[in-house]
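What follows is a single structure, written as structure tokens, with notes after it.
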Amino acid sequence: MAQLWGGRFTKDTDDMVYAFNASIEFDKRLFHADVEGSKAHVKMLSSAGIISEKERDDILKGLDSILEDVDSGKLIITSEYEDIHSFVEAVLTERVGDAGKKLHTGRSRNDQVALDMRLYTRSRMESIDEALYDLLSEILKVMKENKETYMPGFTHLQKAQPVTLAHHFGAYFEMFKRDRARLNDMYYRMNYCPLGAGALAGTTYPLDREMTAELLGFFGPTFNSMDSVSDRDYLIEFLSALSMIMMHLSRFSEEIIIWNSNEYGFVEIDDTYSTGSSIMPQKKNPDIAELVRGKTGRVYGALTSMLTTMKGLPLAYNKDMQEDKEFSFDAMDTVENCLILFTGMIRTMKFRKERMERSAKQGFTNATDAADYLVKKGMPFRDAHSVIGRIVLYCIDKNIAIDDMELSKLKEFSDMFENDIYEAVSMETCVNKRNTKGAPGLNAMEKEIEESEEFLSIYNKKHLSDARKKEG
Ligand code: ARG
């Protein structure tokens, strides 16, 4: 058992207590962040005259060698250490002797773990934002290619009015765009450095907190030291943003599962993103979409768990906060993997455009437009609504679309019908007449695509890490 305390204790820790308390199995993920934070701390200690330049250089060399050896697999992080901080410090002291013992001067594991967790979360915010960028680019590509791919738009999962595939995908573009805007907001709130807060009340050493904050790419140091060691708000915000991303992905998955069903047949998921059945040879299942939908629950779980862990904690650090890691890491992995897989699924998916258009026609999605036609010819809307209602009933009986009816037949329902009815209820007309901002009409959609493109050029793939490099 290797731990950083022991002086005041007379008995060894019980094995089960030790294992219960230890966090190395999961906080080894913080290894890179821990070394990065320690390097900044040590540079600052020497610049403030707290340790010598020689000691600084010895420690830095030692830390770099540990980094190299762990990365190359020569040195394994094992559970004989209590946590990742103990591991780094113990190996460092083995390698560089007494200088290693000075690394922790003016620092507590409380501000150290607060820093590590923040650095780690920050890097995952960046990578998840990048994955969102890739998904948005893929969605935009589908939008550009399908401005005139007509399909039914639904309310209550009943065919309602015709839209286009571009318009439908555009709705998801908006959702994931808001997700990125949310990450951007919280990034600007969280990118402050807790290092130097000590155990809870700062330290008596003349630490230069501005310097470590700058070295680590933060916008500055955090303020109140008690808050600094016990704040996990940024993690809760992140988990809430991740839950929202999963909710969006899950809705999109549900949609694709429906579209991929035999009855709809609007899309065909590529073989590489589907699986078969062990018993039913005809089956090709949309497993990836189903799994994405299914995994939403564990991400919500991480958010609920973290909120619950924090709700009863008095200031400042409490060991409960060690529970901030496992579920959060799982949520970050889950969301990033789901985003990457979902993007690949869309990239390889085939859209069966003729089926979409046929479905829109057969579902009377142009019934509102047919009623509007009669209104324009002078019929009151209520009467027009009733005439078209009777026509729809007739069509259902004959299993045809409104456009399939002969003019003479239409005239039996109202003599106001003329030849121009066919153009008035064509999918092109129904969609393209809807050109208010945000509507599916061609002109409106072109504008929407232009603005979406602009969003991606401003919020480009690296915009979060660029912000830290520029302003940090
Ligand atoms: N493993 C601990 C955590 O994850 C590190 C901080 C320990 N601090 C302490 N005072 N025991 O929160």
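Whatever order the structure lists them in is the order used to number ligands and atoms, beginning at 1.
Not less than 6.0 angstrom separates the ring centroid of Y187 from the ring centroid of F238. In this structure, the ring of Y133 has its center no less than 6.0 angstrom from the ring center of Y459. Taking the six-membered ring for Trp and the full ring otherwise, the centers of Y172 and F252 sit less than 6.0 Å from each other.
Between D324 and ligand 1, a contact under 3.5 Å exists for no N or O pair. Of the polar atoms of H85, none of the N or O atoms is found under 3.5 Å from an N or O of ligand 1, judged by distance alone.
Listed for the T212 side chain is no donor-acceptor partner under 3.5 Å among the backbone atoms of A40. Side chain of D227 to backbone of F223: no donor-acceptor contact under 3.5 angstrom is found.
Atom 6 (C) of ligand 1 has its closest protein heavy atom at Y317 OH, 3.5 Å. From the protein, the heavy atom lying nearest to atom 2 (C) of ligand 1 is Q322 OE1, 3.3 Å.
In K325, the part holding a heavy atom less than 4.0 Å from any atom of ligand 1 is the side chain.
With ligand atoms numbered from 1 in the order given, ligand 1 contributes 8 (N), 9 (C), 10 (N) to contacts under 4.0 Å with heavy atoms of N110.
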